[in-house]
Amino acid sequence: MISKKMVKQMSEQMKNEFFSGYYYLSMAAWLEAKNLSGFANWFRVQAQEERDHAMKMMNYLVRVGAKVEFLAIEAPKVVFESPMDICKKTLEHEQLVTSLIYKLMDTAQEERDYKTIQFLQWYVDEQVEEEENASGLVERLKMAGSTEGGLLYVDNEMAARVYTPITAE
Ligand code: OFO
């Protein structure tokens with residue numbers, strides 16, 4: 001049986017995942033306004049993935065008979081300076097999310113909730129990819145330098161990202 005504490009923390013994380021999607025959409029809108037449609041595409045796809053992360057968590061809570069809490073999703077701060085600023089903020093955000101997933105894992109381990117530990121392992125693995133992608137963006141932009149041509153080259157690469165739904169549980 002899943003504990004109330006675990007359910008509360010996971011409901012909070014479900015909200016955080018929706019927030020991540022909202023945050024990335026705010027970045028996509030900023031980038032679209034700057035005519036960087038490849039970057040905007042990348043962040044739109046990222047937002048879709050975040051919704052999947054939230055839904056996966058909700059589906060798990062429902063399956064184990066928990067009463068899911070639906071918390072208010074805060075508004076993201078949409079003050080961005082540049083594509084590099086956005087990519088750095090993305091990396092910082094994903095590092096924060098990793099720390100939140102680890103806290104969930106800490107609770108599951110303290111409570112010897114083995115099925116939740118197993119479930120959360122997917123998020124631990126996913127965060128490796130999330131941080132890798134975000135730091136990859138920062139590095140690509142550094143390599144591109146501050147030239148318009150370099151920025152457009154990276155923008156073109158980012159246009160290729162395609163949304164693939166995760167297998168919902
Ligand atoms: Fe859900 O991984 Fe990003 O935030």
Side-chain angles (χ1 to χ4, degrees), residues 2 6-32 36 38-64 66 68-81 83-109 113 115-141 154 157-169:
I2 190 162
M6 194 78 248
V7 173
K8 193 170 179 46
Q9 243 180 290
M10 289 179 80
S11 297
E12 179 82 29
Q13 187 56 29
M14 178 184 86
K15 184 262 300 180
N16 292 338
E17 299 288 349
F18 278 122
F19 171 80
S20 295
Y22 213 28
Y23 190 34
Y24 292 136
L25 279 181
S26 75
M27 293 176 176
W30 189 94
L31 291 157
E32 200 84 66
L36 291 165
F39 274 90
N41 168 66
W42 196 97
F43 281 95
R44 279 176 188 269
V45 171
Q46 186 64 24
Q48 284 173 293
E49 285 198 0
E50 296 300 350
R51 181 181 178 278
D52 283 354
H53 298 171
M55 293 303 295
K56 188 179 176 79
M57 198 149 293
M58 186 187 95
N59 292 343
Y60 175 76
L61 289 171
V62 170
R63 277 181 67 206
V64 297
V68 188
E69 268 190 68
F70 289 86
L71 304 164
I73 301 164
E74 61 267 41
K77 291 196 182 88
V78 281
V79 183
F80 304 118
E81 285 166 16
M84 179 59 104
D85 177 43
I86 284 182
C87 293
K88 284 185 175 166
K89 284 189 163 98
T90 298
L91 178 57
E92 279 166 26
H93 183 67
E94 288 305 331
Q95 287 165 340
L96 170 70
V97 172
T98 300
S99 71
L100 297 172
I101 297 292
Y102 286 4
K103 279 187 191 153
L104 289 180
M105 193 57 119
D106 286 344
T107 303
Q109 281 172 345
D113 180 347
K115 63 178 182 296
T116 302
I117 291 170
Q118 195 182 24
F119 172 75
L120 289 173
Q121 188 57 48
W122 183 89
Y123 288 86
V124 172
D125 297 340
E126 178 69 7
Q127 282 311 118
V128 174
E129 195 183 308
E130 294 284 79
E131 286 193 36
E132 196 181 12
N133 287 343
S135 72
L137 287 183
V138 172
E139 291 311 313
R140 295 295 286 162
L141 269 182
V154 179
E157 283 184 335
M158 293 172 84
R161 186 176 188 191
V162 176
Y163 167 64
T164 314
I166 62 165
T167 320
E169 304 233 339

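Any value given below was found using the heavy atoms of this structure, including those in side chains, with hydrogens, waters and symmetry copies removed. Start at 1 and go down the list; that is how both ligands and their atoms are numbered.
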- Message: As a quick check of understanding, evaluate salt bridge (charged side-chain N to carboxylate O under 4.0 Å, His left out) for Glu92 and Lys89, giving each step before the final call.
- Response: CA-CA 5 Å; Glu92 279 166 26; Lys89 284 189 163 98; over 6 Å; no
- Counting N and O atoms only, with roles assigned by atom type, does the side chain of Asp113 sit under 3.5 Å from a partner on the main chain of Ala108, one being a donor and the other an acceptor? no
- In terms of the angle between their ring planes, are His93 and Tyr24 parallel, tilted or perpendicular, with boundaries placed at 30° and 60°? perpendicular
- Excluding waters, how many protein N/O/S atoms sit closer than 2.8 Å to atom 1 (Fe) of ligand 1? 3
- Query: Within the distance-only criterion (no hydrogens, no angle test), does the side chain of Tyr123 pair as donor or acceptor with the backbone N or O of Met105 below 3.5 angstrom?
  - Reply: no
- Please work out which of the three classes, parallel, tilted or perpendicular, describes the rings of Phe80 and Tyr23, given edges at 30° and 60°. tilted
- Message: Is a donor from one side chain sitting under 3.5 angstrom from an acceptor on the other, for Gln48 and Asp52?
- Response: no
